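In listed order, ligands and their atoms are each counted from 1. No experiment lies behind these values; they were computed from the predicted model shown.
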Amino acid sequence: MSEPFPQVGDLVAVERLDVQALFTALQQRGFRVLGPTVRDGAVVYDELTSPTDLPIGWTDEQEGGVYRLTRRADEGMFCYASGPHSWKQFLHPAVLRLWRARRENGSTQFEAMEEPPRQAFIGVRSCDLHAIAIQDRIFTGGPYVDPFYRSRRERAFIVAVVCTQPGGTCFCVSMETGPRPTFGFDLALTEVLEPGRHYFVARVGTEQGAAVLGDVPHRPARQEEVEADERVVAAAAERMGRTMETAGIKELLYANLEHPRWDQVAQRCLTCGNCTMVCPTCFCFNVEEITDLTGTVVERVRRMDVCFTTEFTYTAGRSLRESARARYRQWLTHKVGTWIDQFGSSGCVGCGRCITWCPVGIDITEEVAAIRATSGEKEGRL
Ligand code: SF4
Ligand code: SF4
């Protein structure tokens with residue numbers, strides 16, 4: 001007898017060898033399958049052709065300014081923490097042509113824009129689901145909707161995974177963004193590695209997810225498999241590398257704009273912008289118009305921009321934030337303070353990327369804790 005067709009909310013078991021069927025089901029529906037793979041000594045997101053492209057048997061060690069891949073004793077597929085990439089590169093690309101036009105015989109012809117591809121993201125962590133939800137609000141939640149973001153977002157299929165191996169710099173529990181995916185996915189997988197068995201407990205999040213899972217061998221999860229799923233999530237929540245106290249954080253930062261800690265962190269900060277580039281929620285961009293040498297072709301291009309450059313606030317002949325102190329303070333107070341006023345939530349999901357990929361190991365949790373511990377100290381200058 002064949003298994004009943006899965007329904008939204010169902011919990012089913014999928015054997016490790018049947019992950020190939022998931023890839024096939026997505027590829028047959030025309031999705032470009034994107035997910036984690038090992039490249040250049042890190043787990044990055046790229047196009048995958050089969051499960052063999054996944055980081056099988058790899059994990060990572062992360063600390064402030066430190067990232068290192070190491071081998072596992074098993075064949076875990078998703079047993080690593082977030083790497084330097086986030087999903088924003090596929091939804092809000094760092095470089096995006098908005099339009100291109102050519103002058104011909106005295107008239108201007110605009111080139112037709114290609115539709116973005118249908119993309120399936122495999123291995124989206126709960127923190128990154130929250131980051132995508134934040135960018136959804138920014139780009140589509142107000143009266144001015146970004147059509148470029150929306151078209152990519154509407155075509156995306158999301159396979160979330162429970163984070164089984166939080167990194168040394170993770171703090172999603174503090175930010176209430178993980179480790180279990182609770183929304184925003186078509187399917188969510190919990191990877192279970194037991195002696196002699198490697199399988200997944202899959203949750204169905206949408207009708208589309210149910211249809212895809214219908215093409216993958218599965219059966220209703222048994223009680224011991226449901227319990228294994230719970231155990232994995234509870235163990236991950238216990239292994240956060242960092243914590244951040246968020247109570248009153250906005251008010252804390254507003255009250256400490258002249259705290260001497262900003263000078264101390266500025267002595268270390270290289271203003272390289274790595275923290276903004278790896279952050280899954282940072283979204284700033286600039287728009288440029290470029291002509292070719294003959295002056296007959298012009299295009300408008302959107303490029304990622306970061307608040308750590310002096311050009312970012314260059315206005316009327318000078319930068320408004322000339323010092324590293326001013327730029328770091330702007331980034332941190334926006335991320336976890338003014339973001340709340342602007343968009344209704346923190347801009348930080350606790351993924352830890354900005355800590356790991358900061359070349360000097362500046363740690364957002366440490367900076368907030370230091371200001372909290374000595375709140376009210378003032379250096380007495382603007
Ligand atoms: S601020 Fe840092 S920890 Fe928070 S979401 Fe951005 S990269 Fe992740
Ligand atoms: S905090 Fe670190 S990553 Fe961010 S700009 Fe400063 S040195 Fe670069």
Side-chain angles (χ1 to χ4, degrees), residues 45 62-67 81-89 92 124-138 163 166-179 240-246 249-250 253 261-284 304-313 321-340 342-343 345-371:
Y45 299 143
Q62 300 195 33
E63 266 308 322
V66 174
Y67 180 95
S82 298
H85 284 185
S86 71
W87 304 97
K88 78 176 177 183
Q89 67 183 305
H92 176 47
V124 183
R125 308 298 169 113
S126 180
C127 59
D128 282 342
L129 288 176
H130 283 262
I132 291 170
I134 287 172
Q135 292 214 324
D136 286 352
R137 279 199 295 282
I138 293 164
C163 195
T169 56
C170 291
F171 54 103
C172 68
V173 169
S174 297
M175 304 313 290
E176 299 180 3
T177 57
M240 290 290 115
R242 300 281 200 278
T243 57
M244 187 158 83
E245 171 60 64
T246 58
I249 192 167
K250 182 181 81 169
L253 294 175
R261 185 75 186 187
W262 302 118
D263 278 314
Q264 291 162 22
V265 71
Q267 285 170 14
R268 298 168 61 210
C269 177
L270 309 173
T271 65
C272 65
N274 265 17
C275 46
T276 65
M277 288 185 277
V278 296
C279 179
T281 66
C282 278
F283 60 89
C284 288
M304 179 193 282
D305 205 353
V306 298
C307 53
F308 278 93
T309 66
T310 47
E311 293 82 10
F312 189 82
T313 54
R321 297 190 200 109
E322 284 173 341
S323 66
R325 174 186 192 268
R327 280 175 265 160
Y328 186 84
R329 182 179 65 177
Q330 146 64 25
W331 179 74
L332 181 56
T333 53
H334 184 219
K335 186 61 62 181
V336 294
T338 52
W339 201 295
I340 298 171
Q342 200 177 1
F343 301 116
S345 76
S346 172
C348 176
V349 296
C351 71
R353 289 181 175 97
C354 60
I355 306 171
T356 300
W357 296 95
C358 173
V360 293
I362 291 173
D363 179 340
I364 183 173
T365 66
E366 200 178 301
E367 296 311 311
V368 170
I371 290 174

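- Under a 3.5 Å cut-off, the side chain of Thr177 and the backbone N or O of Val349 do form a donor-acceptor pair.
- Counting heavy atoms from C-beta on, the side chains of Leu270 and Pro359 come closer than 4.5 Å.
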**Verdict with supporting geometry, Met175 and Cys348, side-chain contact (heavy atoms from CB on, under 4.5 Å)** = CA-CA 7 Å; Met175 304 313 290; Cys348 176; 4.1 Å; yes
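- With hydrogens and angles disregarded, no donor-acceptor distance shorter than 3.5 Å links the side chain of Arg321 to the backbone of Thr310.
- Within the 3.5 Å criterion, the main-chain N or O of Phe283 finds no donor-acceptor partner in the side chain of Lys88.
- Below 4.0 Å from some heavy atom of Cys351 lie the following atoms of ligand 1, by number and element: 3 (S), 5 (S), 7 (S), 8 (Fe).
- Heavy-atom separations between Thr281 and ligand 1 are all 4.0 Å or longer.
- Taking a cut-off of under 4.0 Å to the non-hydrogen atoms of Lys335, the atoms of ligand 1 that pass are 1 (S).
- Put simply, the side chain of Gln62 gets close to the backbone of Ser82: a donor and an acceptor are under 3.5 Å apart.
- Listed by first and then second residue, the side chain to side chain donor-acceptor pair (under 3.5 Å) pairs involving residues 267-280 amount to none (not counting sequence neighbours).
- For ligand 1, the atoms closer than 4.0 angstrom to any heavy atom of Gly352 are 3 (S), 8 (Fe).
- Under the 3.5 Å distance criterion, with hydrogens and angles disregarded, no donor-acceptor pair is assigned to the side chains of Glu176 and His130.
- When each of Thr281, Ile134, Ile138, Thr338 is checked for a side-chain contact (heavy atoms from CB on, under 4.5 Å) with Phe343, only Ile138 meets the rule.
- The contact set between ligand 1 and Phe171, taken as ligand atoms under 4.0 Å from a residue heavy atom, comprises 3 (S).
- Ligand 1 places these atoms under 4.0 Å from at least one heavy atom of Val349: 4 (Fe), 5 (S).
- The residues lining ligand 2, counting any heavy atom closer than 4.0 Å, are Cys269, Leu270, Thr271, Cys272, Gly273, Asn274, Cys275, Phe308, Tyr328, Cys358, Pro359, Val360, Ile362.
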